[in-house]
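Structure record follows, encoded as structure tokens.
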Amino acid sequence: MHKYDFAEIETRWQKYWDERGFFQTPQYSNKPKYYMLVMFPYPSGTLHVGHVKNYVIGDAVARYKRMRGFNVLHPFGYDAFGLPAENAAIDKKIHPYDWTMTNINTIRRQIKRIGISYDWSREVITCVEEYYKWTQWIFLKLYEAGLAYKKMAAVNWCPKCMTSLANEQVKDGSCERCGTPVTVKHLEQWFFRITDYAERLLNDLDKLTGWPEHVKTMQRNWIGQSEGAKVKFEVDGTDLQIEVFTTRPDTLWGVTFMALAPESPLVDRVVLPHLREELDKFLARIWAQDRFKRTALEAEKEGFFTGSYAINPANGEKVPIYVTNYVLMEYGTGAVMGVPAHDQRDFDFAKKYGIPIKQVIKPTQEFTFDKAYDGPGIMINSGELSGTLIPDEMRRVFKWLEEKGIGKRTFQYKLRDWLISRQRYWGAPIPIIYCEKCGMVPVPEKDLPVKLPYNVEFLPTGQSPLMLSEEFRRVTCPKCGGPAVRDADTMDTFVDSSWYFLRYVNPKLSEKPFLKEDVDYWLPVDQYVGGVEHAILHLLYSRFITKVLHDLGYLSFDEPFTNLFTQGMIYKDGFKMSKSKGNVVSPDDMIEKYGADTLRLYILFMGPPEKDAEWNDAGIEGVHRFIKRSWNIINEIISLKEGDVQEPSEREKQLLRKLHTMLKKITEDMEGGFKFNTAVSGLMELINAISDYMDEVPREKWNTKLLRECAEKFLLMISPFAPHFAEELWRLMGKQESIMLETWPNYDENALRVEEIEIAVQINGKVRDRIKIPIDASDELVKQLAMNNDRIRKYIDKEPKKIVYVKGRLLSITC
RNA sequence: GCGAGAGUGGCGGAACUGGCAGACGCGCUGGACUUAGAAUCCAGUGGAUGAUGAAUCCGUGUGGGUUCAAGUCCCACCUCUCGCACCA
């Protein structure tokens with residue numbers, strides 16, 4: 001018997017597949033296409049088994065789809081620019097380029113050992129010129145379209161990473177990468193106008209039926225659409241106006257004050273001169289507060305009366321204008337109408353400053369106004385709109401506002417523009433030049449890429465490191481030829497990763513980022529697999545860039561990913577794997593000990609792939625046992641001589657039925673979406689059934705043909721999960737061609753048929769016995785068979801009231 | 001607080017449109033083979049009461065309900081995980 005030498009087997013077949021180019025995808029084919037994409041990794045270190053889960057799932061799908069006759073594109077690459085790799089390189093005192101490339105080589109080697117079927121000829125690395133040239137090209141396209149702009153803004157600043165961050169990269173007030181509390185800095189920064197796409201990004205989520213609901217919900221929350229009205233208030237005695245956004249225009253008659261954000265430009269204009277000095281003290285105090293604390297739920301509300309009054313356009317009432325700490329400049333208009341009776345924040349504020357509370361909605365239920373009421377009700381004290389039902393008749397309110405010219409119905413979004421400038425070295429330089437004469441000039445396409453110089457001082461100082469490189473900065477203006485300087489900021493890594501799935505289609509193309517006809521053929525991605533941590537950031541940005549490129553005529557589709565699968569994480573000892581915790585399980589160690597096929601199979605068997613799972617050393621042992629057991633059994637079958645073909649015995653028919661039951665079950669698990677854990681358990685059941693047969697039936701009576709059929713089908717079904725194992729045994733069975741070229745086996749409904757089945761008999765809801773009945777027995781016959789059964793009759797003391805027969809399942813008798 | 005999801009043996013987890021709960025694996029117990037161990041193979045394994053192969057009862061977070069029949073459907077609640085959170 002051949003020994004199961006997994007190390008030898010795996011290296012041999014990996015070499016063979018590679019040499020034959022089995023996984024190189026033809027650009028076109030008469031087969032239907034299938035684009036199977038996994039989220040590419042940050043090469044900021046090496047891989048642990050948690051990363052591997054992503055690739056094993058992707059590979060199972062890719063290999064299955066190939067067997068189903070698809071032309072499968074299954075590429076891989078590295079999200080190589082950016083903070084994670086740069087920070088790690090600085091820690092290690094290594095140049096980020098060298099560190100990144102070293103990691104890429106390690107990761108590539110790690111993945112090749114697992115036997116993932118990537119088309120390596122399409123590998124993409126975002127930090128090489130051939131790639132980031134096109135990231136810069138995309139920037140220029142956005143710039144030309146007015147979707148990339150520079151502005152002075154209060155931005156999130158990470159004092160440790162010493163760079164600005166996008167809103168999406170701030171989690172609970174801290175830097176998403178390093179966990180340091182984020183501060184605010186006023187800087188001139190580049191933004192992408194993603195807010196122009198807010199409505200489409202929101203509405204098109206409904207089209208993404210192949211996305212998990214929770215991811216769509218997170219995106220909806222993040223985009224944060226609110227329906228409301230913009231209403232203008234005159235400032236008494238001036239020609240100034242204060243515009244507010246409100247979702248409750250029905251409470252307009254209940255306004256008793258106005259609240260401005262401290263940053264609002266209106267503050268300076270409405271404050272009375274004699275209050276100026278005191279106001280400045282108030283503002284200084286507010287700005288000294290931590291921004292995230294200031295806007296936290298528990299924060300004490302504070303305000304300062306400007307001395308001015310606003311006129312309520314609905315009823316002409318004068319209300320005082322305050323500057324407050326709880327109104328945000330970034331959302332809406334930076335000004336809010338205060339309705340204490342129907343908004344809790346306004347209520348708290350009014351209580352503190354002795355502002356009147358005026359009720360304008362009559363609650364539908366009993367309510368004591370010890371807090372604000374924001375439930376349904378009827379409008380009161382509201383002029384001609386009194387009596388309007390809220391929220392049912394809100395439309396009447398909008399109509400009235402618009403007719404009177406007081407306000408306008410609009411949508412407001414929480415989404416802000418995407419801040420893409422980083423004051424760091426390791427990224428794609430922003431392709432913009434500043435000329436003394438011509439001002440801001442985009443780098444002409446022919447001059448791309450703007451190369452990131454290798455020999456510069458790259459340590460973060462808070463200033464863009466490229467500032468310090470005269471060689472990089474000093475250029476001549478592309479327009480007038482005069483002296484000019486380059487923009488020294490680099491782009492956010494998420495710009496790089498927002499289009500990489502397009503580059504895989506034509507990774508080596510030098511005159512364009514991609515060919516439209518090729519991209520239109522391959523995209524959208526049929527199946528995208530990755531972690532939930534990208535539910536907002538990467539997935540939202542990719543959708544945005546895809547829509548922009550679509551609008552500019554470069555793509556025919558406007559959503560990049562048709563189906564999305566978010567896999568769960570692998571924990572060890574209850575924690576995420578991390579070097580600092582020392583709980584990392586390395587795929588290399590596992591491959592050393594058990595082989596790649598065992599590792600792959602165990603990862604798929606651990607549990608439902610979308611759920612988090614705990615790594616269990618005993619669990620992988622169990623799967624390894626299954627592999628070895630299968631190896632031994634199939635080898636034994638291989639060693640058998642072809643016997644005579646006889647009419648199958650009952651015992652053989654039973655095994656054949658099991659084979660086809662499992663063919664059906666596993667096929668359904670594969671088609672029904674990522675049920676690999678039960679598919680693997682089905683393979684185990686099949687092996688157990690073969691083994692039982694061989695145990696029970698004397699060796700000389702074994703039906704060799706049937707056993708070989710079982711072994712073949714088993715190998716075909718396990719091949720997407722344990723490809724080396726399957727290939728080796730396939731060849732040992734005498735097959736000349738690779739198992740990779742085979743098609744997925746079909747099951748035969750007829751083989752599933754049985755003459756006689758066992759059904760349960762329930763009496764008063766309890767299973768009392770099981771009886772055998774002919775498969776197509778009539779209701780009458782089944783009832784008769786049951787009633788003639790002594791064991792059943794024992795439980796029936798009076799005439800049955802009701803008898804229900806569920807065909808092929810059970811008989812229920814009620815007395 | 002708002003939104004989403006989940007609670008099943010000692011553990012990871014199965015269970016189609018309501019139809020025999022606990023597939024498969026781990027662990028555990030006993031046995032075979034061994035001088036012994038490892039490995040392998042065979043048998044058993046939800047709980048309780050029985051001297052048993054018998055038999056009975058209880059069992060899917062809690063309490064109700066619908067139904068011949070509920071892990072699955074409905075109502076109320078508890079716990080956990082995740083996301084959002086002064087967004088006007």
Side-chain angles (χ1 to χ4, degrees), chain A residues 171-172 212-222 224-226 228 244-249 251 259 261 294-301 324-328 330-339 342-346 348-349 374 412-416 532-533 535-536 568 601-602 605-608 610-623 625-626 628-629 632 665 668 672 675 677-688 691-692 695 758-770 800-815:
Chain A
K171 252 191 117 178
D172 298 329
E213 211 43 56
H214 71 277
V215 172
K216 289 195 276 186
T217 306
M218 281 164 74
Q219 292 214 354
R220 279 191 195 103
N221 283 342
W222 189 261
Q225 187 190 61
S226 304
V244 299
F245 172 76
T246 176
T247 53
R248 294 294 305 273
T251 63
R294 185 189 120 199
T295 57
L297 190 63
E298 322 78 51
E300 177 76 21
K301 286 169 184 49
T324 69
N325 65 343
Y326 75 94
V327 175
L328 305 173
E330 306 92 278
Y331 184 77
T333 59
V336 169
M337 61 182 216
V339 188
H342 305 293
D343 182 285
Q344 192 56 42
R345 296 155 298 183
D346 298 343
D348 295 341
F349 189 81
D374 58 6
Q412 187 66 45
Y413 298 90
K414 280 195 257 183
L415 185 71
R416 320 256 169 79
V532 237
E533 65 274 19
I536 295 170
L601 214 49
Y602 172 59
F605 185 61
M606 284 176 92
E610 68 277 12
K611 279 186 65 183
D612 291 344
E614 171 78 23
W615 182 269
N616 180 354
D617 291 325
I620 192 168
E621 287 277 357
V623 170
R625 268 206 288 273
F626 160 65
K628 280 190 293 186
R629 197 164 117 84
N632 292 337
K665 183 216 162 40
E668 284 168 358
K675 295 167 100 177
N677 54 328
T678 51
V680 174
S681 80
L683 290 167
M684 290 172 170
E685 277 190 62
L686 179 54
I687 273 293
N688 290 346
S691 163
D692 286 348
D695 272 353
E758 199 181 65
I759 61 159
V761 181
Q762 289 184 349
I763 294 140
N764 291 330
K766 285 200 166 70
V767 178
R768 292 303 184 179
D769 201 14
R770 282 148 237 262
K801 272 193 274 205
K802 190 168 184 180
I803 302 180
V804 180
Y805 172 55
V806 185
K807 193 159 172 29
R809 294 208 182 261
L810 54 64
L811 183 75
S812 176
I813 302 169
T814 315
C815 299

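Below, read A as the first sequence line, B as the second, and so on, with proteins coming before strands; counting in each chain starts at 1. Everything numeric in this text was worked out from a predicted model, so none of it was measured.
- In terms of heavy atoms, A:Met337 sits closest to A:Asp346 at O-OD2, 3.6 Å.
- Between B:C24, B:C68, B:C26, one nucleotide has an atom nearer to the side chain of A:Asn616 than all others, and that is B:C26.
- Proximity note for A:Val336 (side chain, C-beta onward) versus B:A14, B:U40, B:A88: the nearest is B:A88.
- B:A21 and B:G61 have their P atoms separated by 16 Å, with the value rounded to a whole Å.
- Computed from coordinates, the A:Gln344 CD to B:C2 C1' distance equals 15 Å when rounded to whole Å.
- For A:Thr217 (side chain) and A:Glu213 (main-chain N/O), a donor-acceptor pair under 3.5 Å exists by modelled atom type.
- Per the geometry, CE belonging to A:Met606 stands 17 Å off P belonging to B:C11, to the nearest Å.
- In this model, the phosphate group of B:G25 is approached by a side-chain N or O of A:Asn688 to a distance below 4.0 Å at OP1 or OP2.
- Judged by Watson-Crick or G-U wobble contacts below 3.5 Å, the nucleotide B:A55 has B:U49 as its partner.
- Here B:C24 presents its P atom at 17 Å from NZ of A:Lys675, a figure rounded to the nearest Å.
- Put simply, the side chain of A:Gln219 gets close to the backbone of A:Ala535: a donor and an acceptor are under 3.5 Å apart.
- Looking at A:Val339 and A:Arg248, their side chains never come closer than 4.5 Å, going by heavy atoms from C-beta outward.
- Closest to the side chain of A:Met684, out of B:G83, B:G25, B:A15, is B:G25.
- When distances run from any side-chain atom of A:Pro608 to the nucleotides B:A88, B:C84, B:A14, the shortest one goes to B:A14.
- Distance noted for atom P between B:U45 and B:G25: 14 Å (whole Å).
- Taking 4.0 angstrom as the limit, A:Tyr331 places a side-chain polar atom (N or O) nearer than this to OP1 or OP2 of B:A88.
- Remark: B:C26 base-pairs with B:G10; criterion is Watson-Crick or G-U wobble with both hydrogen-bond distances under 3.5 Å.
- Considering only side-chain atoms of A:Gln762, the nucleotide from B:A14, B:A69, B:G13 that sits closest is B:A69.
- Atoms CG (A:Leu810) and P (B:G19) sit 9 Å apart, rounded to a whole Å.
- If you check B:C2 for Watson-Crick or wobble pairing at under 3.5 angstrom, you find it paired to B:G83.
- Straight-line distance between the P atoms of B:U81 and B:A15: roughly 25 Å, to the nearest whole Å.
- Here the separation of B:G27 from B:C11, taken at their C1' atoms, is 7 Å to the nearest Å.
- Note: CE (A:Met218) to P (B:A85) measures 11 Å, nearest angstrom.
- Pair assignment for B:U72: none, as no Watson-Crick or G-U wobble contacts are both less than 3.5 Å.
- Remark: B:G37 base-pairs with no nucleotide in the shown strands. Criterion, Watson-Crick or G-U wobble with two distances under 3.5 Å.
- The side chain of A:His214 has B:A4 as its nearest neighbour among B:G27, B:A4, B:C68.
- Atoms CG (A:Asp612) and P (B:A4) sit 20 Å apart, rounded to a whole Å.
- B:G5 sits 26 Å from B:G10 when the C1' atoms are compared, rounded to a whole Å.
- Comparing B:C24, B:A88, B:G83 by their nearest atom to the side chain of A:Ser226 picks out B:A88.
- Only the P atoms considered, B:A70 is 39 Å distant from B:G30, to the nearest whole Å.
- Atom CZ of A:Phe626 is separated from atom P of B:G12 by 22 Å (rounded to the nearest Å).
- Nearest nucleotide to the side chain of A:Lys628, out of B:C86, B:G13, B:A39: B:A39.
- Of the side-chain N and O atoms in A:Asn677, none sit less than 4.0 angstrom from OP1 or OP2 of B:G12.
- The same atom, C1', is picked in B:C2 and in B:C26; the two are 40 Å apart, to the nearest Å.
- The base-pairing partner of B:A15, taking Watson-Crick or G-U wobble contacts with both distances under 3.5 Å, does not exist among the strands shown.
- Across all strands, A:Asp695 comes closer than 4.0 Å only to sugar-phosphate atoms, never to a base (heavy-atom distances).
- With the nearest nucleotide of RNA chain B identified for both A:Gly619 and A:Ala613, A:Ala613 has the one nearer the 5' end.
- Atoms NZ (A:Lys611) and P (B:A4) sit 20 Å apart, rounded to a whole Å.
- Contact annotation: the side chain of A:Gln762 never approaches that of A:Val804 to less than 4.5 Å [non-hydrogen atoms, C-beta and beyond].
- For the atom pair NZ of A:Lys301 and OH of A:Tyr326, the computed distance is 7.5 Å after rounding to the nearest 0.5 Å.
- Taking the O4'-C1'-N9-C4 or O4'-C1'-N1-C2 dihedral as appropriate, B:G9 has a value within 90° of 0 and is therefore syn.
- Pair check for B:U66 finds none; no Watson-Crick or G-U wobble contact set falls under 3.5 Å.
- Across B:G22 and B:G9, the matching P atoms stand 14 Å from one another, rounded to whole Å.
- For A:Ser812, taking side-chain heavy atoms from C-beta onward, the closest of the listed nucleotides B:A15, B:G19, B:G13 is B:G19.
- The side chain of A:Thr247 approaches B:A88 more closely than any other nucleotide in the set B:A23, B:A88, B:C86.
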